[in-house]
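Below, all heavy atoms of this structure are taken into account, side chains as well, without hydrogens, waters or symmetry copies. Numbers here simply count residues along the sequence, with the first being 1. Order of listing sets the numbers, starting from 1, for every ligand and every atom in it.
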Amino acid sequence: MSKVLVSDPIDQAGIDILSQVARVDVKIGLPPAELARIIGDYDAIMIRSETRVTKEIIEAATNLKIVGRAGVGVDNVDVPAATRKGIVVVNSPEGNTIAAAEHALAMMLSMSRYIPEADRSMKSGQWNRKQFVGTEVYKKTLGVVGLGKIGSHVVTVAKAMGMKLLAFDPFISAERAEQLGCRLVDLDTIFRESDYITLHIPKTPETTNLINAETLAKMKPQARIINCARGGIIDEAALAAALKAGTIAGAAIDVFGVEPLGESELRSLGKEIVLTPHLGASTAEAQVNVAIDVAEQIRDVLLGLPARSAVNIPGLHPDAIAQLKPYLQLAETLGNMVSQLAGGRINDLQVGLYGDLAEQQTKPIVTAALKGLLSPALRERVNYVNAGIEAKERGIHVSETRDASVRDYTATLKLVAKGSLGQHSVTGALLGDAEMRITSVDDFPVNVVPTQNMLFTVHKDVPGIIGIIGSLLGKFNVNIASMQVGRKIVRGDAVMVLSLDDPLPDGILNEIKQVTGISDAYTVTLTS
Ligand SMILES: NC(=O)c1ccc[n+]([C@@H]2O[C@H](COP(=O)([O-])OP(=O)(O)OC[C@H]3O[C@@H](n4cnc5c(N)ncnc54)[C@H](O)[C@@H]3O)[C@@H](O)[C@H]2O)c1
Ligand SMILES: O=C(O)CC[C@@H](O)C(=O)O
């Protein structure tokens, strides 16, 4: 039975799903060294934002197949290290959108009306009304940095509160911004014109310290900034200095460069700052959503099924996965075959997608072909996660051709592999929904169902050759299940494809290659 480690607090709904397929150990707050010591026992780990799945943890994770992040940000996971090792990383891109957006809005209002400080004052026995005169958000300008899922919901609600809206997001169209009721502007305009600035962007090299002494200096003295996105987007020392100097009026911060936040100047500031300990996703609803979303994906991957929100493999909707599955199987089978036919080191793969296949998403199909291509060399070490990266590291150049008008079959895939020992090609098609056929080998037409043990020969199309092969195989007690010859012209060159009930014994391939009229012979073993 698979084993799953849950190392951050996860809603029971997720643990119940995992328990259907695995033994689940819940161990919260493990020190990194302890996590590294035990991770080798686990097939999957489910985390929130506290556990750091570093390169060292990945290296120690000898059985790990999947890291499930119950939330959006995967910056606490070394995704490149996981990808290199073929470990799927999944998240829950939408489960906590509303929670995070509502937290940003709550932070904006509580900062504007000094609610946390007023509450503290009441609880210490005071009745102080003069000290807590706030500001309204109505008719104020809100600058939204990042108009993705959370930013868009913030905009919708802020609009209803009568705010004027500016947005900066280089990856969103002006039309989309307009639809949401905001004006897309450059970052400088956001800094200079906003009364409130709210950040809803990932932490990337471009966004690290986006808010710094220089950008803070561009803001209005009455500006207030909200960060419920990621720590490190704001330079915390510069923010503390700007608040002390009155460069800006306020800040509401949920996320920090180092979490948990240790000693920090931010903690020593007064009512101008509101701090929460990374509570953006902490609602009952969001925690159920993300726990179910991620636990289902872990369950599926442990059962050998694809995940719908993998961040390091092409993410596909379950319906799309079901639709693509036969194509993926075809691509993997052909990749495996052409790799064995080509032998040696492959440095170029041409992928031709024809008919219905030309209208499908190419990336997963190419990934499946590469997985098949590399599997004779890498065995189970190659999977859908790392096939692309492994191919790139081996210098395999991949190109694609598509043509929906080629309709020999409903869907046809052709792989051409060039390598150190020459070039070979295999074409395959799907008959109906899922029945696979090899329809050509090195451009010789055949019609063969791929099977576990296959023998291919290239020979002169003259009488007697087929009989000789049959006798040779008989001599070694190898039973032929089916046999097909493909030729372009009568008495020219031909290929023979044999499906064998048994693997070819050692030595027999060389004997076949010695037969007069046979110019080459190859065995192909398909593992699944
Ligand atoms: N505080 C929390 O508990 C909490 C909860 C959920 C999400 N988050 C964080 O909130 C952030 C937003 O999440 P989301 O679900 O809306 O993500 P999203 O991917 O839907 O949106 C992010 C947006 O940022 C934009 N963007 C990327 N780089 C940018 C840049 N340099 N400048 C401007 N825009 C840029 C993208 O185009 C995208 O539209 C993420 O950092 C996520 O980790 C925090
Ligand atoms: O797990 C959490 O509570 C935080 C989640 C949040 O930071 C996210 O990126 O989804």
Side-chain angles (χ1 to χ4, degrees), residues 6-11 14 28 46-53 67-77 79 89-108 143-156 166-174 176-177 180 182 184-191 197-211 215 226-234 252-257 259-261 274-291 293-294 309 311 315:
V6 173
S7 60
D8 287 329
I10 301 290
D11 192 90
I28 311 292
M46 186 159 172
I47 59 169
R48 280 177 59 187
S49 55
E50 289 93 336
T51 301
R52 303 198 66 77
V53 183
V67 177
R69 160 70 164 106
V72 180
V74 287
D75 40 338
N76 52 332
V77 179
V79 178
V89 181
V90 300
N91 69 351
S92 176
E94 288 171 17
N96 60 26
T97 299
I98 301 299
E102 288 185 359
H103 196 66
L105 291 158
M107 292 289 258
M108 178 172 73
V144 181
V145 182
L147 207 48
K149 294 181 287 296
I150 297 170
S152 300
H153 190 69
V154 166
V155 160
T156 307
L166 301 178
F168 171 71
D169 189 324
F171 308 104
I172 294 284
S173 67
R176 165 78 181 142
L180 288 164
C182 56
L184 210 55
V185 293
D186 62 19
L187 208 44
D188 240 40
T189 308
I190 297 267
F191 293 148
I197 295 174
T198 185
L199 305 175
H200 300 292
I201 46 180
K203 186 185 172 208
T204 64
E206 294 77 48
T207 63
T208 300
N209 286 339
L210 184 76
I211 306 300
T215 51
I226 303 135
N227 186 10
C228 291
R230 273 293 170 270
I233 298 174
I234 297 183
I253 311 292
D254 183 48
V255 285
F256 302 89
E259 295 183 3
L261 180 68
V274 178
L275 303 174
T276 51
H278 203 147
L279 293 183
S282 292
T283 64
E285 296 85 348
Q287 285 316 305
V288 171
N289 291 344
V290 295
D293 188 359
V294 171
S309 302
V311 301

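Near Gly71, with a cut-off below 4.0 Å to any heavy atom, the atoms of ligand 2 are 10 (O).
Of all the heavy atoms of Asn96, the ones lying under 4.0 Å from any atom of ligand 2 belong exclusively to the side chain. In Ala281, the part holding a heavy atom less than 4.0 Å from any atom of ligand 2 is the side chain.
Considering both main-chain and side-chain atoms, Val72 comes within under 3.5 Å of ligand 2 through a nitrogen or oxygen pair. The distance criterion of under 3.5 Å between nitrogen or oxygen atoms is not met by Gln287 with respect to ligand 2. In terms of polar-atom proximity, Gly73 is counted as a contact of ligand 2, with an N or O under 3.5 Å from an N or O of the ligand.
A donor atom on one side chain and an acceptor atom on the other are not found under 3.5 Å apart for Ser309 and Asn91. Side-chain N/O atoms of His200 and Thr198 include a donor and acceptor closer than 3.5 Å.
For the pair Ser49 and ligand 2, a heavy-atom separation below 4.0 Å is found.
Leu275 places a side-chain heavy atom less than 4.5 Å from the side chain of Phe256. In this structure, Asn96 and Asn289 have side chains that are not in contact, with every pair of non-hydrogen atoms separated by 4.5 Å or more. Counting only heavy atoms from C-beta outward, the side chains of Cys228 and Met107 approach each other to under 4.5 Å.
At the top of the distance list for atom 9 (O) of ligand 2, counting protein heavy atoms only, stands Arg230 NH2, 2.5 Å. Distance from atom 4 (C) of ligand 2 to its nearest protein heavy atom, with residue and atom name: His278 NE2, 3.4 Å.
A donor-acceptor pair is defined here as one N or O able to donate and one able to accept, closer than 3.5 Å; no such pair exists between the side chain of Asp188 and the backbone of Phe191. Side-chain N or O atoms of Arg48 include one that pairs as donor or acceptor with a backbone N or O of Pro9 at under 3.5 Å.
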Inset, instruction - Applying side-chain hydrogen bond (donor to acceptor under 3.5 Å, both in side chains), run through Ser49 and Asn76 and close with a yes or a no. - result: CA-CA 7 Å; Ser49 55; Asn76 52 332; 5.7 Å; no
Inset, instruction - Could you give me the CA-CA distance, side-chain angles and deciding distance for Leu187 and Val145, then say whether side-chain contact (heavy atoms from CB on, under 4.5 Å) is met? - result: CA-CA 8 Å; Leu187 208 44; Val145 182; 4.2 Å; yes
Inset, instruction - With side-chain hydrogen bond (donor to acceptor under 3.5 Å, both in side chains) as the test, would you mind laying out the steps for His153 and Thr97 before giving the verdict? - result: CA-CA 8 Å; His153 190 69; Thr97 299; over 6 Å; no
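Within 4.0 Å of ligand 1, contacts by protein heavy atoms are made from Val72, Gly73, Asn96, Ala100, Gly146, Leu147, Gly148, Lys149, Ile150, Phe168, Asp169, Pro170, Phe171, His200, Ile201, Pro202, Thr207, Cys228, Ala229, Arg230, Asp254, Val255, His278, Gly280, Ala281.
Here the options are Ile253, Ile234, Ile226, Thr207, the test is side chain to side chain contact (heavy atoms under 4.5 Å, CB included), and the partner is Leu199; only Ile234 passes.
Comparing Arg69, Arg48, Glu259 against atom 8 (C) of ligand 2, the shortest heavy-atom distance belongs to Arg69.
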